[in-house]
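To start, the structure under review is shown below, and the notes come after it.
For this chain, numbers begin at 1 and follow the sequence in order. Treat the numbers as computed from the prediction; the structure is a model and nothing was measured.
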Amino acid sequence: VRLALALVFVRRHGFHLPGIARLWRPVLATLGMAGALGLLRLEHLGVAIGVGVLAYILGLVLVGGIQVRRGALPRLSL
């Protein structure tokens with residue numbers, strides 16, 4: 001309920017939110033990370049965080065959320 005009220009408030013004041021289509025890449029990367037962590041069932045928190053970070057970055061690269069090109073820095077394109 002609070003989120004809906006906040007959205008109405010910010011739209012009335014001229015703030016435009018990005019469309020929901022913009023979220024599909026991070027959502028897929030998050031699902032991949034959750035799947036990797038669920039399959040591995042790591043007990044050590046530090047290792048689990050590291051695996052989660054790597055899985056999320058790999059997921060973003062695979063769906064095109066992070067573009068890696070030779071001779072250039074990685075580019076975030078969500």
Side-chain angles (χ1 to χ4, degrees):
V1 173
R2 291 181 186 176
L3 178 61
L5 292 173
L7 290 174
V8 169
F9 179 78
V10 297
R11 286 187 183 187
R12 285 186 183 168
H13 286 81
F15 184 74
H16 299 286
L17 300 170
I20 195 158
R22 185 175 180 176
L23 298 176
W24 73 270
R25 287 183 177 112
V27 168
L28 282 179
T30 302
L31 290 174
M33 177 187 65
L37 290 172
L39 287 175
L40 294 176
R41 297 189 186 268
L42 300 169
E43 293 184 22
H44 191 272
L45 180 61
V47 175
I49 290 172
V51 168
V53 167
L54 291 175
Y56 186 73
I57 291 172
L58 179 63
L60 281 177
V61 170
L62 291 175
V63 297
I66 296 177
Q67 296 177 351
V68 182
R69 297 187 185 190
R70 181 179 236 166
L73 293 173
R75 190 180 97 146
L76 186 63
S77 61
L78 299 174

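The hydrophobic cluster containing Leu39 does not contain Met33, counting ILVMFWY residues as joined when their side-chain heavy atoms lie under 4.5 angstrom apart, directly or transitively. Val68 is not connected to Leu62 by any chain of hydrophobic side-chain contacts under 4.5 Å among Ile, Leu, Val, Met, Phe, Trp and Tyr, and they are in different clusters. Tyr56 and Ile66 fall within the same hydrophobic cluster, where Ile, Leu, Val, Met, Phe, Trp and Tyr residues are linked whenever their side-chain heavy atoms come under 4.5 Å apart, directly or through other members. Leu7 and Phe15 fall within the same hydrophobic cluster, defined by Ile, Leu, Val, Met, Phe, Trp and Tyr side-chain heavy atoms under 4.5 Å apart, directly or through other members. Residue Leu54 is not grouped with residue Leu31 when hydrophobic side chains (ILVMFWY) are merged at heavy-atom distances under 4.5 angstrom, including chains of intermediate members.
Considering all non-hydrogen atoms of both residues, Arg25 and Val63 come closest at NE-O, 3.1 Å. Between Gly64 and Ser77 the shortest heavy-atom distance is O-OG, 3.0 Å.
Within 6.0 Å of CG in Leu5 there are more than 12 heavy atoms belonging to other residues, nucleotides or ligands.
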